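What follows is one structure encoded as structure tokens, with my remarks underneath.
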Amino acid sequence: MTKPMTIPNDADFANSPLPFSGDCFKGQLVLVSGGGSGIGKATAWCFARLGAHIIITGRTEQKLIDTVAALTSAGLSASYKIQDIRDYDGIAAMYADIFAEFGRLDILINNAGGQFPQSAIDFSKNGWDAVVSNNLNGSWYMMQHAARQWRDRKQQGSIVNIVAVVPRGMNGGAHTCAARAGVIHLSKTVAVEWAEYNIRVNCVAPGVIFSEGMRAYSPEALSEFDKSNPMKRFGTPWDIAQACVYLGGPSGSFITGEVLTLDGGGQLWGDLWMHGRPDYFR
Ligand SMILES: CCCCCCCCCCC/C=C/C(=O)SCCNC(=O)CCNC(=O)[C@H](O)C(C)(C)COP(=O)(O)OP(=O)(O)OC[C@H]1O[C@@H](n2cnc3c(N)ncnc32)[C@H](O)[C@@H]1OP(=O)(O)O
Ligand SMILES: NC(=O)C1=CN([C@@H]2O[C@H](COP(=O)(O)OP(=O)(O)OC[C@H]3O[C@@H](n4cnc5c(N)ncnc54)[C@H](OP(=O)(O)O)[C@@H]3O)[C@@H](O)[C@H]2O)C=CC1
């Protein structure tokens, strides 16, 4: 019988095998938005264990405090900032503070985001606006303000945007699909525009990843998620974290404007309904 999945925690991330070894990010500063849970937390752990100082951001202070405490008690270097990614001016001020304190930022992992599952025909105007604002506008504000700092200081930078697997749409998630597709094509565009400034911009597209984020989905929808790919299972936050390290760091130095999909082959094979499969499609 397959072992039931559990959401991995700090202790798991402290002990998972690393994709690289040594202190290859020593002296570097990495900002992970939404780093207080799930994929963001795993990514923070992965970079921190490879020597980087990590700044995690999010809206809920307690999650940030707990994650920083777990990292620092493992002897790693981390701090946090409370920041809503929808706050354009607040983000500009946050980067100004970071550059004043550290004098640099090497990698932005633009991970914060989220949505709710619903049939598109039922979206309220506010529901649509909330999801597009969070995932498209919020991702853009985080990218643009970082890029302005890098350009003005003549420093190189690297951005990894966490998106989703959008080529065949996202049933029950049309708002987030539109927003993530927007981020992907925004990234391809600025990957070219910002090459002049030595700024690389890439995307990581997770399929179904078993994280705290899964609590937003009904048991009915969840019971189908692991059947949406030919591997018939969820991926882990650590899978995504390692991809962020690969693309964001020096190993990705000749990669820009790319989307790395980690979905167990789902985009080639399965279908997935974020709010449960309607009877018509059974
Ligand atoms: C074919 C192959 C396909 C393979 C594809 C694989 C795809 C993988 C599947 C993807 C699974 C994705 C997983 C994840 O993303 S996990 C992370 C999930 N985490 C979260 O989503 C948490 C964050 N979410 C939020 O913060 C919120 O959802 C939101 C983004 C909306 C922000 O909310 P905000 O605080 O701004 O919103 P309000 O509460 O003020 O509400 C604003 C309006 O939105 C309406 N709303 C909110 N929630 C719901 C809901 N559950 N149902 C319906 N409507 C909702 C709310 O009512 C407001 O509108 P009104 O004023 O009109 O009421
Ligand atoms: N798990 C999956 O299967 C997939 C996840 N994704 C995406 O990956 C990313 C990480 O998801 P995951 O780790 O699974 O889920 P989580 O819900 O654990 O992570 C989302 C994080 O983003 C933060 N966040 C959300 N909205 C904002 C905001 N407006 N400002 C600042 N921070 C915000 C949340 O913190 P707080 O609420 O405290 O601010 C939270 O820490 C998300 O963008 C998600 O949509 C994409 C495809 C699949």
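Just so it is clear, the structure is predicted and the values come from calculations on it, not from any experiment. Order of listing sets the numbers, starting from 1, for every ligand and every atom in it. Starting from 1, each residue takes its place in the sequence as its number.
Using a cut-off of 4.0 Å between Lys/Arg side-chain N and Asp/Glu carboxylate O, Asp129 and Lys125 are scored as salt-bridged. Residues Lys63 and Asp66 are not paired through a salt bridge, judged by the lack of any N-O separation under 4.0 Å between the basic side chain and the carboxylate.
Ligand 2 places these atoms under 4.0 Å from at least one heavy atom of Thr60: 36 (P), 37 (O), 38 (O). The Ser211 neighbourhood of ligand 2 comprises atoms 1 (N), 12 (P), 13 (O), 14 (O), 15 (O), with distances under 4.0 Å to a heavy atom of that residue. Close contacts of ligand 2 with Met214, meaning ligand atoms under 4.0 Å from a residue heavy atom, involve 1 (N), 2 (C), 3 (O).
In terms of polar-atom proximity, defined here as any N/O pair under 3.5 Å, Asn135 makes no such contact with ligand 2. Where the criterion is an N or O separation shorter than 3.5 Å, residue side chain and backbone included, Pro206 fails it with respect to ligand 2. No N or O atom of Gly35 sits closer than 3.5 Å to an N or O atom of ligand 2.
Note on ligand 2: Gly207 sits in its first shell, one or more heavy atoms being nearer than 4.0 Å. The closest approach between Gln115 and ligand 2 falls below 4.0 Å for a heavy atom of the residue.
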Under 3.5 Å, N/O to N/O: give me all the pairs between ligand 1 and the protein, one per line with atom names and distance.
residue	atom	partner	partner atom	Å
ligand 1	15 (O)	Gln115	NE2	2.5
ligand 1	21 (O)	Gln115	N	2.9
ligand 1	21 (O)	Gln115	O	2.9
ligand 1	26 (O)	Arg59	NH2	3.4
ligand 1	28 (O)	Gln115	O	3.4
ligand 1	36 (O)	Arg86	NH1	2.8
ligand 1	59 (O)	Ser124	OG	3.3
ligand 1	61 (O)	Asn126	ND2	3.0
ligand 1	62 (O)	Ser124	OG	2.7

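Heavy-atom contacts from other residues, nucleotides or ligands closer than 6.0 Å to NZ of Lys227 number more than 12.
For the residue pair Asn137/Arg86, the side-chain donor-acceptor check at 3.5 Å is not satisfied. With 3.5 Å as the limit, one finds a donor-acceptor pair spanning the side chains of Thr176 and Gln115.
In this structure Tyr246 satisfies the ring pair (Phe, Tyr, Trp, His ring centres under 6.0 Å) test with no other residue, sequence neighbours excluded. Not counting sequence neighbours, the partners of Phe116 by the ring pair (Phe, Tyr, Trp, His ring centres under 6.0 Å) test are His175. Partners of Glu212 by salt bridge (charged side-chain N to carboxylate O under 4.0 Å, His left out), not counting sequence neighbours: none found.
Using a 30° and 60° split on the angle between ring planes, Tyr95 and His145 fall in the tilted class, from 30° to 60°.
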